[in-house]
Amino acid sequence: MLALGLLTAGVATGAVPVALAMEGRQTLKFTAARFDAEARGVLPSFVQNQDGSRQPVVVLQLSDITIAGACVSTAVDTPLGSYVLRAVTEDSTPIVVGDAQIAIESLDGVGAAGQQILLNRSETAPDGTPVDTSTGGVPVTASGLALDISATARWATVNRLTLSGLRLQVGQDQPECL
């Protein structure tokens with residue numbers, strides 16, 4: 001019990017990085033004051049179903065992800081009513097992810113807005129000319145980002161996840177992020 005308590009405290013404070021995996025249809029609402037990542041690729045691929053048939057998917061690969069001032073929510077219908085799961089961080093305690101991969105089977109709806117969304121322009125010279133700082137991917141930088149995504153993910157993996165300062169809230173009275 002002591003070891004489990006220490007691991008839980010380490011994850012909550014960000015001292016112990018974790019890895020997550022998930023699959024299935026999810027509708028997520030996501031906002032972030034700041035989002036930085038390096039997109040490594042969007043690759044067509046296939047997964048094998050239990051009956052042996054092959055299902056096409058698109059695998060989105062991101063690395064070196066930093067998210068500050070984040071809010072992620074999803075509503076889940078249960079026999080007792082609709083519950084909202086909401087995760088929130090402050091600007092001063094960003095979420096840090098080493099690598100994330102998401103195999104998207106279908107994308108049913110995306111709403112996106114932002115104050116600033118830059119692709120392949122993470123830094124500029126004093127005269128405003130873009131400076132290439134990538135290490136093989138495309139730098140993605142956004143501020144004031146808001147996404148409303150409805151998709152079916154076959155699988156997702158997240159490695160080297162640091163959740164320092166994350167607050168989880170669940171309830172019928174919780175507001176969604178958007």
Side-chain angles (χ1 to χ4, degrees), residues 7-43 58-76 84-104 107 109-124 130-170 174-178:
L7 280 174
T8 302
V11 168
T13 61
V16 177
V18 296
L20 298 174
M22 62 150 243
E23 63 181 287
R25 179 176 182 74
Q26 299 294 323
T27 299
L28 297 174
K29 296 188 178 189
F30 172 77
T31 62
R34 181 90 178 152
F35 177 89
D36 292 299
E38 183 132 339
R40 294 284 182 191
V42 178
L43 310 170
V58 173
V59 179
L60 173 62
Q61 299 176 354
L62 299 171
S63 62
D64 301 323
I65 305 164
T66 302
I67 307 168
C71 179
V72 180
S73 67
T74 187
V76 179
V84 171
L85 171 63
R86 178 180 162 111
V88 180
T89 68
E90 301 300 324
D91 290 351
S92 60
T93 53
I95 296 170
V96 178
V97 180
D99 295 297
Q101 291 187 350
I102 304 167
I104 302 168
L107 191 58
V110 174
Q115 295 170 344
Q116 182 182 53
I117 300 174
L118 301 173
L119 297 175
N120 210 23
R121 288 195 63 183
S122 62
E123 292 185 23
T124 58
V131 175
D132 185 5
T133 59
S134 69
T135 57
V138 175
V140 178
T141 300
S143 60
L145 183 63
L147 297 174
D148 184 356
I149 301 169
S150 178
T152 301
R154 285 302 292 254
W155 53 263
T157 60
V158 178
N159 294 311
R160 300 185 322 257
L161 174 63
T162 303
L163 296 173
S164 166
L166 182 73
R167 289 189 330 261
L168 289 175
Q169 303 158 325
V170 178
Q174 290 297 317
E176 290 201 64
C177 295
L178 295 174

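- Here Thr66 contributes atom OG1 and Arg34 contributes atom CZ; the two are 9.5 Å apart, rounded to the nearest 0.5 Å.
- When atom types are taken as modelled, the side chain of Thr89 and the backbone of Ala70 share a donor-acceptor pair closer than 3.5 angstrom.
- Annotation: side chain to side chain contact (heavy atoms under 4.5 Å, CB included) contacts of Glu90 (sequence neighbours excluded): Ser92, Thr93, Arg167.
- Across all their heavy atoms, Leu62 and Ala39 have their closest contact at CD2-CA, 3.8 Å.
- The heavy-atom pair separating Ala32 from Ile67 by the smallest distance is CB-CG2, 3.8 Å.
- In this structure, the side-chain hydrogen bond (donor to acceptor under 3.5 Å, both in side chains) partners of Ser63, at least two apart in sequence or on a different chain, are Arg40.
- Minimum heavy-atom separation, Asp91 to Ala33: OD1-CB, 3.4 Å.
- By the side chain to side chain contact (heavy atoms under 4.5 Å, CB included) test, Val84 pairs with Ser73, Ala75, Arg86, Gln174, Glu176, sequence neighbours left out.
- When every heavy atom of Thr31 is checked against every heavy atom of Cys177, the shortest pair comes out as CG2-O, 4.0 Å.
- Nearest heavy atoms, Asn159 versus Val97: O-CG1, 3.7 Å.
- Closest heavy-atom contact between Ala146 and Leu178: CB-CD2, 3.7 Å.
- Atom-to-atom distance recorded for Ser143:OG and Gln116:CD is 4.5 Å, nearest 0.5 angstrom.
- Once rounded to the nearest 0.5 Å, the distance linking CG of Leu107 with OG of Ser150 reads 8.0 Å.
- If you take OG1 on Thr74 and NZ on Lys29, they are separated by 9.0 Å, rounding to the nearest 0.5 Å.
- When each of Ile65, Val140, Thr141 is checked for a side-chain contact (heavy atoms from CB on, under 4.5 Å) with Asp36, only Thr141 meets the rule.
- In this structure Ala103 satisfies the side chain to side chain contact (heavy atoms under 4.5 Å, CB included) test together with Val57, Val59, Arg154, Trp155, sequence neighbours excluded.
- Partners of Asp148 by salt bridge (Lys or Arg N to Asp or Glu O under 4.0 Å), not counting sequence neighbours: none found.
- The side chain to side chain contact (heavy atoms under 4.5 Å, CB included) check on Leu147 picks up Phe30, Ala112, Leu145, Ile149, with sequence neighbours excluded.
- Taking the charged nitrogens against the carboxylate oxygens, Asp99 and Arg160 do have a contact shorter than 4.0 Å, which makes a salt bridge.
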